[in-house]
2 protein chains.
Amino acid sequence: MADRTGHRIVPETTRRTDRFPGTRYGNRPTMKDVAARAGVGLKTVSRVVNGEPGVTPETERRVQEAIEALGFRRNDSARVLRKGRTASIGLVLEDLADPFYGPLSRAVEEVARAHGALLINGSSAEDADREQELVLALCARRVDGLVVIPAGDDHRYLEPEIKAGVATVFVDRPAGHIDADVVVSDNFGGARDGVRHLIAHGHRRIGFIGDMPRIHTAAERLRGYRTAMEDAGIPVADAWMSLGVTDPERVRRAAREMLSGPEPVTAIFTGNNRVTVTVIRVLAEHARPVALVGFDDIELADLLQPGVTVVAQDAAALGRTAAERLFRQLDGTLIAPERIELPTRLITRGSGELPPAD
Amino acid sequence: MADRTGHRIVPETTRRTDRFPGTRYGNRPTMKDVAARAGVGLKTVSRVVNGEPGVTPETERRVQEAIEALGFRRNDSARVLRKGRTASIGLVLEDLADPFYGPLSRAVEEVARAHGALLINGSSAEDADREQELVLALCARRVDGLVVIPAGDDHRYLEPEIKAGVATVFVDRPAGHIDADVVVSDNFGGARDGVRHLIAHGHRRIGFIGDMPRIHTAAERLRGYRTAMEDAGIPVADAWMSLGVTDPERVRRAAREMLSGPEPVTAIFTGNNRVTVTVIRVLAEHARPVALVGFDDIELADLLQPGVTVVAQDAAALGRTAAERLFRQLDGTLIAPERIELPTRLITRGSGELPPAD
DNA sequence: CTGAAAGCGCTTACAG
DNA sequence: CTGAAAGCGCTTACAG
């Protein structure tokens with residue numbers, strides 16, 4: 001796959017041979033080395049490095065000189081061991097490559113940065129075991145806190161960690177079987193409003209295609225769909241609902257089934273961004289126009305013909321809110337876990353306003 | 001912004017009050033505590049925790065019991081200090097929220113995971129100072145290696161770190177003023193082919209809108225454009241080229257200018273995904289049809305009218321290749337820095353095949 | 001203003 | 001099979 005070019009050669013010795021002379025961090029100088037070279041005590045070096053007062057300008061100069069000559073950079077891992085806080089937090093999400101999680105992750109990072117902390121990212125790939133493995137690895141590294149988008153539905157394994165002081169906030173989906181902070185979108189209300197919108201435009205046979213029902217957001221959005229239908233007095237046929245993995249094959253089949261038969265649906269509500277994208281493709285090939293409202297906004301949705309009406313959630317706000325909450329836990333400001341729900345927004349662009357093609 | 005609901009109350013003491021009794025990691029038990037409780041030596045606990053041989057089943061049982069009773073989890077920060085490798089790598093990119101970097105980041109994460117390492121992510125926000133700050137913070141944490149998408153153009157500040165043993169690979173753009181591994185797409189060739197494609201469809205007045213010229217990829221793509229034009233014997237008017245920040249305002253203005261006047265361009269080549277998206281919007285409002293080829297693929301490009309022809313690069317392959325290279329550095333397998341170039345792919349979907357509207 | 005000693009929680013090297 | 005001692009690179013608490 002790789003097309004290699006430009007093999008510039010450098011002297012081997014500058015490159016790898018002297019790289020790990022001992023077994024330790026290369027051959028990095030330590031404060032001890034700096035102290036020896038500057039002819040001062042260890043603590044004096046520590047003072048200079050940390051900008052603590054009580055060092056003569058002359059002494060400081062000598063130390064600085066030694067630092068530069070040796071290329072010393074403080075080992076924060078050692079510092080952290082002694083201080084008890086690692087100034088890092090962990091973020092476990094489903095898939096960093098999903099356009100929904102990018103902005104969320106970036107928002108968490110910004111808050112962490114404002115608090116002087118680094119962000120360790122991990123993808124669970126929607127696998128509960130992998131989530132747990134990642135979370136516990138982060139705890140072993142003694143991250144100060146954890147922002148988790150749960151893949152699993154039982155988080156009791158985190159109880160000892162939380163009790164031991166690991167700040168924890170769940171985002172996008174609630175934690176299972178433990179009492180913890182959680183920040184979610186109004187999945188139920190958003191879906192209900194989206195379906196109501198379709199009903200208001202004259203639809204009665206409305207399909208729902210969503211993610212696996214064990215995923216909380218999927219279940220909530222389905223509940224929103226059912227509630228909207230029920231409120232309108234429309235009985236829902238089983239054939240109108242399809243939940244399962246979001247891979248294009250499955251979704252495509254589900255959409256086609258709803259759209260065929262003697263009484264096809266005239267509108268579809270899609271349960272998340274990936275489902276929406278696939279259904280748009282199916283509808284593009286479909287003979288009659290079919291109305292569509294999707295959960296999650298997607299890029300270029302306004303440029304399609306028709307534009308795609310969506311129920312948008314604010315991924316960045318989810319991340320920001322969760323991270324801020326995390327650092328408030330670390331401040332010791334918070335008392336009891338809370339559930340914070342962020343509103344969604346219906347954005348009409350055309351596809352949701354199509355009348356039934358009956 | 002937050003709509004707060006469900007204030008479940010839990011007893012304060014289980015929550016925060018006993019959270020940091022000392023100053024240290026909560027009140028986590030250590031191996032010493034486990035040893036005391038099990039009535040064995042510290043080293044025996046270490047053996048059990050690490051699955052080393054030479055422990056009686058009975059002793060092991062006692063230790064395991066103590067571990068569970070105490071809720072012990074090994075402090076990997078301490079372990080790492082002693083071992084000299086942190087089993088973590090850093091990834092510095094421009095913006096985690098950009099859809100181009102999500103898949104790249106995920107690919108790096110997967111490779112890291114396969115090597116038992118965690119991934120620390122940081123966004124430079126296209127700011128050279130912030131890039132350096134992040135990179136050096138990661139070095140201070142003693143990450144084993146660094147994957148960097150450069151924002152700045154001078155990386156001599158990394159020289160001492162590399163010499164000290166920090167494995168380093170640059171991706172997407174080359175490093176400045178230092179000799180290091182770099183993995184890039186064929187930006188020049190891809191752009192040249194894209195522009196040739198437009199020329200082959202009869203265009204002569206072709207515009208180029210790209211990112212700031214100081215960004216290597218932008219410069220390379222511009223070079224590709226110029227080469228294609230020159231090869232075809234088409235003199236390029238200054239008014240046809242616009243480089244600058246990719247914010248929609250600037251791009252919109254640039255596109256409109258090229259499209260107005262007595263001799264407007266009949267085709268536009270866009271220098272990256274964000275520029276493409278804005279230009280698509282401009283063209284949608286434009287009277288005459290204008291051909292378009294964009295660098296970077298974008299989601300739903302195939303569903304627009306017309307579909308958007310693009311020069312696609314493989315973000316995941318960039319990340320994967322760079323990370324694999326990084327771990328080969330850490331293995332000690334590699335000798336000299338290399339430049340690896342990944343091919344791009346022209347995907348025709350309609351917009352690039354429109355004839356000139358003359 | 002300066003520094004020696006002890007300790008953070010582990011692993012390494014060695015001795016019984 | 002088991003464990004006491006030393007050490008990783010820092011900071012803390014204390015003494016001069």
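In what follows, chains are A, B, ... by sequence order, proteins preceding strands, each numbered from 1. Values in this document were obtained by computation on a predicted structure and should not be read as measured data. Worth knowing before you read on, the calculation uses all heavy atoms, side chains too, and leaves out hydrogens, waters and symmetry mates.
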| message | Looking at A/Ser77, I'd like to know whether one of its side-chain N or O atoms comes within less than 4.0 Å of OP1 or OP2 on D/dC10. | response | no

| task | Mark yes or no for a side-chain to base donor-acceptor pair under 3.5 Å between B/Arg47 and D/dG3, with no hydrogen or angle criteria applied. | result | yes

| task | Have a look at A/Asn50 and say if it touches a base, only the backbone sugar-phosphate, or nothing, with a 4.0 Å heavy-atom cut-off. | result | sugar-phosphate

| field | Phosphate OP1/OP2 of C/dT12 contacted by B/Lys83 side-chain N/O (<4.0 Å) | value | yes

| query | Has B/Thr44 got a side-chain N or O lying under 4.0 Å from the OP1 or OP2 atom of D/dG3? | reply | yes

| query | For A/Arg82 and C/dG9, is the shortest distance between a side-chain N/O and OP1 or OP2 below 4.0 Å? | reply | no

| remark: side chain to side chain donor-acceptor pair (under 3.5 Å) test vs B/Arg325 passes for just one of B/Thr333, B/Thr168, B/Asp181, namely B/Asp181

| query | Where each pair must be Watson-Crick or G-U wobble with both distances under 3.5 Å, what dot-bracket representation of DNA chain C is obtained, with crossing pairs in [ ] and other-strand partners as |? | reply | |||.||||||||.|||

| For B/Thr30 and C/dC8, is the shortest distance between a side-chain N/O and OP1 or OP2 below 4.0 Å? | no

| message | Under a 3.5 Å threshold, yes or no: a donor from one side chain and an acceptor from the other, between A/Asn121 and A/Ser105? | response | yes

| request: Report yes if a side-chain nitrogen or oxygen of B/Arg74 is closer than 4.0 Å to either non-bridging phosphate oxygen (OP1 or OP2) of C/dT11; otherwise report no. | output: yes

| message | Is it the case that C/dG9 (base atoms only) and B/Arg28 (side chain only) share a donor and an acceptor within less than 3.5 Å, ignoring hydrogens and angles? | response | no

| request: Under 4.0 Å between any heavy atoms, over every strand shown, what does B/Val49 touch: base, sugar-phosphate, or nothing? Just pick one. | output: nothing

